[in-house]
K.L.:
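Got a structure for you, questions after.
We use all heavy atoms of the structure for the numbers below, so side chains are in, but hydrogens, waters and symmetry mates are not.
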Amino acid sequence: MSSLRQLRSLRRRQRDNSGRSKPLTITPPTPELIASFISNHDTQEHSPLFNQIPPEIRNAIFLYALLSYEDLSTVYPEDEHYSRPDYRHTSRIDPRILQTCRLIYLESRFLPVMATEHVFWCHRAPPGITNASNPREYFARFTEEQKDRVDRVHFFTQQYYLEGDFPEICKLPAMRPRSLKITLRHGDWWWWEDNHPLNLNDVWSTGLDYSTRLEEVILELETMERDKEQIYAIAERIKKYTHILNNGKTLSTAGNPIVKKEWMGPSRLSDLYYDKARDKWTERDTEAEQGVPDPGLKYCIVVIRWTICPEEEEK
């Protein structure tokens with residue numbers, strides 16, 4: 001089997017004994033395979049794509065072709081925790097351009113990794129996402145070169161995970177993003193359904209200093225409008241913190257003002273709904289809801305952003 005056919009086989013499907021198709025186990029391309037492409041490929045010197053179009057424009061074309069897109073055939077139910085602005089559909093990538101020729105593969109093989117937002121749902125993930133809550137297994141499929149080119153990682157995390165497992169996840173050698181975003185949604189707070197006061201333990205950030213490439217940390221805190229002053233107070237408290245990384249650089253909110261946003265979302269969330277008259281979340285009556293539109297609920301978000309201190313960027 002040729003090297004190119006080996007690469008293509010990573011996307012093939014095989015059949016089990018019952019005749020049903022199932023995906024092959026995803027394995028990263030080996031260094032030997034990449035080396036064979038580098039040493040043995042057509043330079044495409046007669047192709048207008050390579051002999052007339054400048055590399056930077058060609059790279060932009062490849063990037064456009066490899067950007068993730070929303071699969072509109074899958075629509076997330078509005079009353080699920082994972083359904084929210086910019087996350088209404090499954091995100092997909094079409095990598096077939098990488099199969100056209102070895103030179104295209106060599107020039108653009110890192111673009112999907114670099115351009116994609118690598119999203120983890122910890123927990124309550126949309127259906128059908130492999131390793132949605134398991135960064136360890138997710139990045140195990142990457143080569144070392146790919147791990148070094150991961151740009152953005154985004155965690156939607158329940159509070160128990162953020163204050164429990166998340167610091168250890170940050171210490172994984174495979175976790176090397178430039179930008180790390182964490183979103184704590186209204187339904188992620190401890191005892192949110194009981195109107196419990198909101199509080200954030202600072203332990204969530206104790207693993208950040210293990211990152212070797214981190215340049216940006218974004219923390220989004222969300223709650224319903226009624227409790228917005230609580231998240232604003234948390235933001236004012238933690239924005240004063242700095243995070244010293246193992247590489248000696250410091251993450252700070254200096255020059256990054258707090259951003260406040262809001263959106264209209266569901267008052268029916270999973271198996272609960274917000275009873276405005278009683279000012280409490282209570283069990284849904286799906287029969288009584290038939291034909292009655294969701295009146296909606298305003299949610300408020302506060303965004304705190306840490307970046308490398310400006311004086312250290314010049315070093």
Side-chain angles (χ1 to χ4, degrees), residues 11 13 20-26 66-95 112-142 146 150-166 169-170 172 174-175 177 179-190 192-193 204 218-224 261-274 281 284 286 289 294 296-297 299 301 303:
R11 287 174 48 84
R13 302 175 69 86
R20 294 189 299 267
S21 64
K22 63 178 184 179
L24 283 167
T25 300
I26 298 177
L66 292 166
L67 288 175
S68 61
Y69 64 93
E70 290 184 324
D71 181 356
L72 300 183
S73 67
T74 60
V75 181
Y76 295 157
E78 292 186 2
D79 59 354
E80 290 290 350
H81 290 275
Y82 52 77
S83 181
R84 54 188 300 103
D86 298 325
Y87 297 89
R88 302 295 192 190
H89 310 272
T90 301
S91 179
R92 302 192 186 282
I93 297 175
D94 187 345
V113 173
M114 296 167 63
T116 297
E117 180 187 56
H118 304 269
V119 180
F120 298 100
W121 306 84
C122 305
H123 292 273
R124 297 187 301 213
I129 299 180
T130 304
N131 295 319
S133 305
N134 194 336
R136 188 188 305 272
E137 291 300 320
Y138 178 86
F139 286 120
R141 304 176 301 171
F142 287 39
Q146 288 174 326
V150 170
D151 187 62
R152 295 173 295 140
V153 171
H154 189 174
F155 282 83
F156 288 96
T157 166
Q158 292 181 261
Q159 190 173 6
Y160 83 88
Y161 182 92
L162 181 63
E163 297 176 351
D165 296 334
F166 182 74
I169 292 297
C170 289
L172 293 176
M175 273 285 290
S179 175
L180 176 61
K181 186 176 183 178
I182 305 117
T183 299
L184 195 65
R185 299 155 296 183
H186 171 69
D188 291 329
W189 295 92
W190 283 111
W192 63 275
E193 59 270 63
W204 71 270
I218 300 171
L219 179 63
E220 286 187 334
L221 305 177
E222 177 189 84
T223 190
M224 55 190 291
K261 302 184 291 185
E262 55 187 45
W263 66 288
M264 286 300 297
S267 63
R268 301 163 183 168
L269 198 54
S270 188
D271 58 347
L272 300 176
Y273 82 97
Y274 178 65
W281 290 88
R284 290 173 64 175
T286 53
E289 291 176 4
D294 187 337
L297 190 64
Y299 293 89
I301 299 173
V303 184

K.L.:
Between Arg84 and Glu222, does at least one N-O distance fall below 4.0 Å, as a salt bridge requires?
P.N.:
yes
K.L.:
Check whether His118 reaches the backbone of Val113 with its side chain - one donor and one acceptor, N or O, closer than 3.5 Å.
P.N.:
yes
K.L.:
Can you find a heavy atom in the side chain of Thr116 that is under 4.5 Å from one in the side chain of Ile93?
P.N.:
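Contact flag for Thr116/Ile93 side chains = yes.
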K.L.:
For the residue pair Leu66 and Pro95, what are the closest heavy atoms and their distance?
P.N.:
CD2-CA, 3.8 Å
K.L.:
Going through the distances and angles, do Leu297 and Trp263 end up as a side chain to side chain contact (heavy atoms under 4.5 Å, CB included)?
P.N.:
CA-CA 8 Å; Leu297 190 64; Trp263 66 288; over 6 Å; no
K.L.:
Test of understanding: with side chain to side chain contact (heavy atoms under 4.5 Å, CB included), list the residues that count as partners of Glu117, not counting sequence neighbours.
P.N.:
Tyr87, Val119, Arg152, His154
K.L.:
For the residue pair Phe139 and Phe142, does the interplanar ring angle fall in the parallel (under 30°), tilted (30 to 60°) or perpendicular (over 60°) class?
P.N.:
perpendicular
K.L.:
Do Tyr273 and Thr286 have side-chain heavy atoms sitting under 4.5 Å apart?
P.N.:
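The answer is no, as the side chains (C-beta and beyond) never meet within the 4.5 Å cut-off.
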K.L.:
Please check if the distance between the ring centroids of Tyr82 and Phe156 is under 6.0 Å.
P.N.:
no
K.L.:
Side-chain contact, heavy-atom cut-off 4.5 Å: Trp204 with Ile182?
P.N.:
yes
K.L.:
With Asp151, which residues qualify under salt bridge (Lys or Arg N to Asp or Glu O under 4.0 Å), at least two apart?
P.N.:
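Here the qualifying residues are Arg178.
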K.L.:
Has Glu262 got a side-chain atom pairing as donor or acceptor with Tyr299's backbone, closer than 3.5 angstrom?
P.N.:
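Here the side-chain-to-backbone pair does not exist.
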K.L.:
Under the 3.5 angstrom rule, does the side chain of Trp121 hit a backbone N or O of Ser133 as a donor-acceptor pair?
P.N.:
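Between the backbone of Ser133 and the side chain of Trp121 there is no qualifying donor-acceptor contact (under 3.5 Å).
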K.L.:
Does some side-chain heavy atom of Trp281 sit less than 4.5 Å from a side-chain heavy atom of Leu269?
P.N.:
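Side chain of Leu269 against side chain of Trp281, heavy atoms only: contact under 4.5 Å found.
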K.L.:
Side-chain contact test, heavy atoms from C-beta onward, threshold under 4.5 Å: evaluate it for Val153 versus Tyr138 and give yes or no.
P.N.:
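Of all side-chain heavy-atom pairs linking Tyr138 with Val153, none is under 4.5 Å.
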K.L.:
Does Arg88 come within less than 4.0 Å of Glu70, counting only side-chain N to carboxylate O?
P.N.:
no
K.L.:
For the atom pair CH2 (Trp190) and CD (Gln159), what is the distance rounded to the nearest 0.5 Å?
P.N.:
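Between atom CH2 of Trp190 and atom CD of Gln159 there are 7.0 Å.
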K.L.:
Work out which heavy atom in Gly187 is nearest to a heavy atom in Arg124; give both atom names and the distance.
P.N.:
O-NH2, 2.6 Å
K.L.:
Side-chain contact, heavy-atom cut-off 4.5 Å: Ile218 with Val303?
P.N.:
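A side-chain contact under 4.5 Å exists here.
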K.L.:
List for me each residue that meets side chain to side chain contact (heavy atoms under 4.5 Å, CB included) alongside Asn134, sequence neighbours excluded, and say none if there are none.
P.N.:
Asn131, Arg136, Glu137
K.L.:
For Thr74, give me all partners under side chain to side chain contact (heavy atoms under 4.5 Å, CB included), at least two apart in sequence or on another chain.
P.N.:
Asp71, His89, Thr90, Arg92
K.L.:
Any salt bridge between Lys261 and Glu220, counting N to O under 4.0 Å?
P.N.:
yes
K.L.:
Which distance, rounded to the nearest 0.5 Å, do you find between the CG of Leu67 and the OG of Ser91?
P.N.:
10.0 Å
K.L.:
List for me each residue that meets ring pair (Phe, Tyr, Trp, His ring centres under 6.0 Å) alongside Tyr69, sequence neighbours excluded, and say none if there are none.
P.N.:
none
K.L.:
Is there a side chain to side chain contact (heavy atoms under 4.5 Å, CB included) between Lys181 and Phe155? Walk through the geometry before answering.
P.N.:
CA-CA 6 Å; Lys181 186 176 183 178; Phe155 282 83; over 6 Å; no
K.L.:
Calculate, to the nearest 0.5 Å, the distance between atoms CG and CD1 belonging to Leu184 and Ile301 respectively.
P.N.:
11.0 Å
K.L.:
Ignoring hydrogens and geometry, is there a side-chain-to-backbone donor-acceptor pair from Asp79 to Arg268 under 3.5 Å?
P.N.:
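Checked: no pair found.
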K.L.:
Check the pair Asp188 / Tyr161 against side chain to side chain contact (heavy atoms under 4.5 Å, CB included), numbers first and verdict last.
P.N.:
CA-CA 9 Å; Asp188 291 329; Tyr161 182 92; over 6 Å; no
K.L.:
Looking at every non-hydrogen atom in both residues, tell me the closest pair between Pro77 and Ser83 and how far apart they are.
P.N.:
O-CB, 3.0 Å
K.L.:
Go through it in stages, so that I can follow the logic: the residues are Cys122 and Gln158, the test is side chain to side chain contact (heavy atoms under 4.5 Å, CB included), and I'd like the CA-CA distance, side-chain angles, deciding distance and then a yes or no.
P.N.:
CA-CA 6 Å; Cys122 305; Gln158 292 181 261; over 6 Å; no
K.L.:
Is there a donor-acceptor pair closer than 3.5 Å between any side-chain N or O of Tyr160 and the backbone N or O of Trp189?
P.N.:
no
K.L.:
Name all residues meeting the side chain to side chain donor-acceptor pair (under 3.5 Å) criterion together with Glu193; count only those two or more places apart in sequence or in a different chain, and write none if there are none.
P.N.:
none
